[in-house]
> 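Right, I'll just put the structure down here and ask away after.
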Number of protein chains: 2
Amino acid sequence: MNRSEIKDFPISRLRIELDKDGCYFAPDTRGMLNKGLPPDMLAGIEAWAAVRIAGRLTHLNMERWAEQHGLSEGRMSVLFRLRKAPDQRLAMNELALGLSTTPRNITGLVDNLERDGLVCRVPDPEDRRSVQAQLTPAGIEKIDALWRASVEAQTVVTKRFTKDELKQLRHLCLKLVQLMKEEMSR
Amino acid sequence: MNRSEIKDFPISRLRIELDKDGCYFAPDTRGMLNKGLPPDMLAGIEAWAAVRIAGRLTHLNMERWAEQHGLSEGRMSVLFRLRKAPDQRLAMNELALGLSTTPRNITGLVDNLERDGLVCRVPDPEDRRSVQAQLTPAGIEKIDALWRASVEAQTVVTKRFTKDELKQLRHLCLKLVQLMKEEMSR
DNA sequence: TGGTAATAGTTACGCACTTCACTATGAAAT
DNA sequence: ATTTCATAGTGAAGTGCGTAACTATTACCA
C-alpha cells in the first residue's frame, strides 16, 4: 500500500456536499438514516455524527502535527499546561482536572515525558501522597520552541472561518459539552 | 476513590460560562491564551479547543453507552453498517472507507466481533484477496435490538437544541472536516 | 484519639487506533 | 508473458485512554 494513500485513508471517502440551505451535510449519513426515523431525530443524529467525525479528524490532525516533533496531542497539552503554571510545576491531579482526563492517563503521559527527559516527578513536601510534574530545562526549551508553531498549525484551518462562525462553533460545541455534563453525571 | 467520582472524572472541572453575547465559552482556556496572542487567533483556538473537548466527550459518551451492551462505539458502527448492507455483508475495505478509519482498525474491530459471535469472516470468491464481514444471526438480533435505543441515547442531548442550532452545528463541523481534508492531504 | 472515609497516585488490564512492514492476489503495461 | 504496480488484509509495535483494584497518606468525626 502506497504511503501517500495510507496517510489519507481515514479521511478519504467521506462525501460532503452542500444542502439547499447552503449548509454542509453528509449524503451517506443522511441516506442511511432517513428510512424509519422521525425527521426531528434525524437532525439530531446528523449533527451528532458531524461532531463525532470532526472530533476524530481534529484529533488525528493534532496527533500528526505533534508526532513530527516527537510528541503527541496529550503530551503537548501537558507541557503547555506546565509551562503556564507557577514554577512550571503541577500535581498530577491538577493536570488531570485541567486536561479533562483521568489520573491514570496523566500517569502514562508523564511516564513518556519523563522518559524523554522533558519532565520529572518531584515529591510534594506538603502532601506526601502528591507527586508534582516538573518541567525540565529541556522541556521548557521544547515547549517554548513549539508554542507559536502549534498555535499557527491550529489556525491554518480556523482562519478560513469568519469570526462569527468561530463563535458559533465554540458556542454550540460547549453547549453540547454542558448538556452532556448534566446527562452523564447520573 | 469513589465509584461515582471516577465516573465523572474526565468531565468534572471544566468551567463553562456565558459570554456577554450569550455564547458559551471556557474561562480557563481563554484566560490561559489571551496573553501574547493576537485576538483573531484567539477566536480560532477557542473554537478548535471546543471542538476537541466536544469530540472527546461525545466519544466517551458513546463508549459508555455501548459498553453497557457489551460493545464499543466502533464495533457498534460496524454492526450498524453491516445491517444496512445487502446480505448484511461488506468487504473489510468498504467498512474502513465507510467508517472513515484505517483497514487495520477494522481488522481489530472485526476480530472482537467475531470472538463474540456477532460477525464472521467469509472469503470473497470474486477476489481472493478480499474478505467479507458477514453479520451472524446473533449479530442481526443484537443490532436490531439496540438500534432504536442507540438513536434515542444520542438524541437525549441533541433534542435540547433547536432545529436551527443542530443544522448550524452540523454545517460548521462538516465545514471544518472539509477544510481539514484539503489541508491534510498534502 | 481512634476509626472511617476521602484523596493521590500507580499497577493491571483491555480496547481503540495509527503507522509500518509484509504477504497474497489482481491489474496493467511493455 | 513477464515485469511492475496497485490493492486487500493482517502481524508487529507503540500510544492513548478508560475502568477497576490496590497502596499510601491525609482528613474528618464521633
> Select one nucleotide: of D/dG16, C/dT10, D/dT10, the one nearest the side-chain heavy atoms of A/R121.
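Nucleotide nearest to A/R121's side chain: C/dT10.
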> Does a side-chain N or O of B/T101 approach OP1 or OP2 of C/dT18 to a distance below 4.0 Å, or not?
yes
> Measure from CD on A/E94 to P on C/dA8 and round the result to the nearest Å.
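To the nearest whole Å, that distance equals 9 Å.
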> Heavy-atom contacts under 4.0 Å between residues 68-93 of chain A and DNA chain D, which residues?
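Of all residues in residues 68-93 of chain A, the ones placing a heavy atom under 4.0 Å from DNA chain D are A/S72, A/R75.
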> Below 4.0 angstrom from OP1 or OP2 of C/dC15, is there any side-chain N or O of B/R115?
yes
> When the distance from CD of B/E67 to C1' of C/dC13 is rounded to whole Å, what number comes out?
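In whole Å, C/dC13 C1' and B/E67 CD are 13 Å from each other.
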> Nearest whole angstrom, please: distance from the C1' of D/dG16 to the NE2 of A/H59.
7 Å
> Please list all pairs meeting salt bridge (charged side-chain N to carboxylate O under 4.0 Å, His left out) that have one or both residues in residues 47-56 of chain A, counting only residues at least two apart or in different chains.
A/R52-B/E73
> Would you tell me if any nitrogen or oxygen in the side chain of B/T102 comes within less than 4.0 Å of OP1 or OP2 on C/dT18?
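B/T102 to C/dT18 OP1/OP2: side-chain N or O found under 4.0 Å.
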> Just to confirm, is there a sub-4.0 Å distance from OP1 or OP2 of C/dG9 to any side-chain nitrogen or oxygen of A/T107?
no
> Can you run down the side-chain hydrogen bond (donor to acceptor under 3.5 Å, both in side chains) pairs that involve residues 166-179 of chain B, sequence neighbours left out, and say none if there aren't any?
A/D21-B/K167, A/E165-B/K175
> Quick one: label B/S130 by what it contacts on the DNA or RNA (base, sugar-phosphate, nothing), any heavy atom closer than 4.0 Å.
sugar-phosphate
> Given atom CG of A/D111 and atom C1' of C/dG9, what is their separation to the nearest angstrom?
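Atom-to-atom, A/D111 to C/dG9, this comes out as 11 Å.
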> Counting any heavy atom closer than 4.0 Å, what does A/N112 reach on the DNA or RNA strands: base, sugar-phosphate only, or nothing?
sugar-phosphate
> What contact category does A/L109 fall into here, base, sugar-phosphate, or nothing, at under 4.0 angstrom with non-hydrogen atoms?
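It contacts sugar-phosphate atoms only.
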> B/E63 has an atom CD; how far is it from atom C1' of C/dC17, in whole Å?
11 Å
> Filter on salt bridge (charged side-chain N to carboxylate O under 4.0 Å, His left out), then keep only pairs touching residues 103-118 of chain A, sequence neighbours left out; what's left?
A/R75-A/D116, A/D111-A/R121, A/E114-A/R121
> I need the B/M180 CE to A/I53 CD1 distance, nearest 0.5 Å.
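Going from CE on B/M180 over to CD1 on A/I53, the span is 8.5 Å.
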> Below 3.5 Å, does any donor atom in the side chain of A/R104 face an acceptor in the base of C/dT11, or the other way round?
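Checked by distance alone, the answer is yes.
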> Round to the nearest Å and state the distance from A/M62 atom CE to C/dT18 atom P.
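Interatomic distance, CE of A/M62 to P of C/dT18: 16 Å.
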> Which atoms of nucleotides 25-28 of chain D (N or O only) lie under 3.5 Å from a protein N or O atom, and what are those distances?
unit_1 : atom_1 : unit_2 : atom_2 : d
D/dT25 : O2     : A/R129 : NH1    : 3.4
D/dT26 : OP1    : A/R128 : N      : 3.0

> Expressed as a whole number of angstroms, how long is the span from B/I53:CD1 to D/dC17:C1'?
13 Å
> Nearest whole Å is fine: how far is C/dA16 P from A/L60 CG?
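Going from A/L60 (CG) to C/dA16 (P), I get 18 Å.
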> Could you tell me which residues satisfy side-chain contact (heavy atoms from CB on, under 4.5 Å) with B/A49, sequence neighbours excluded, listed by chain and number?
B/T29
> Mind checking what makes ring pair (Phe, Tyr, Trp, His ring centres under 6.0 Å) contact with B/H59, not counting sequence neighbours?
none
> Please name all residues satisfying side-chain contact (heavy atoms from CB on, under 4.5 Å) with A/R128, sequence neighbours left out, ordered by chain then number.
none
> For residues B/A54 and A/V177, report the shortest heavy-atom separation together with the two atoms involved.
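Looking at all heavy atoms of both residues, the closest pair is CA-CG2, 3.7 Å.
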> Which value, rounded to the nearest 0.5 Å, describes the distance between B/L172 atom CG and A/F161 atom CZ?
6.0 Å
> Please figure out whether B/G108 or A/V131 has its closest DNA chain C nucleotide nearer the 5' end.
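On the 5' side of the pair lies A/V131.
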> Could you note down all residue pairs passing side-chain hydrogen bond (donor to acceptor under 3.5 Å, both in side chains) where residues 136-158 of chain A supplies at least one of them, sequence neighbours left out?
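Of all non-adjacent pairs touching residues 136-158 of chain A, those that pass side-chain hydrogen bond (donor to acceptor under 3.5 Å, both in side chains) are A/R83-A/D144.
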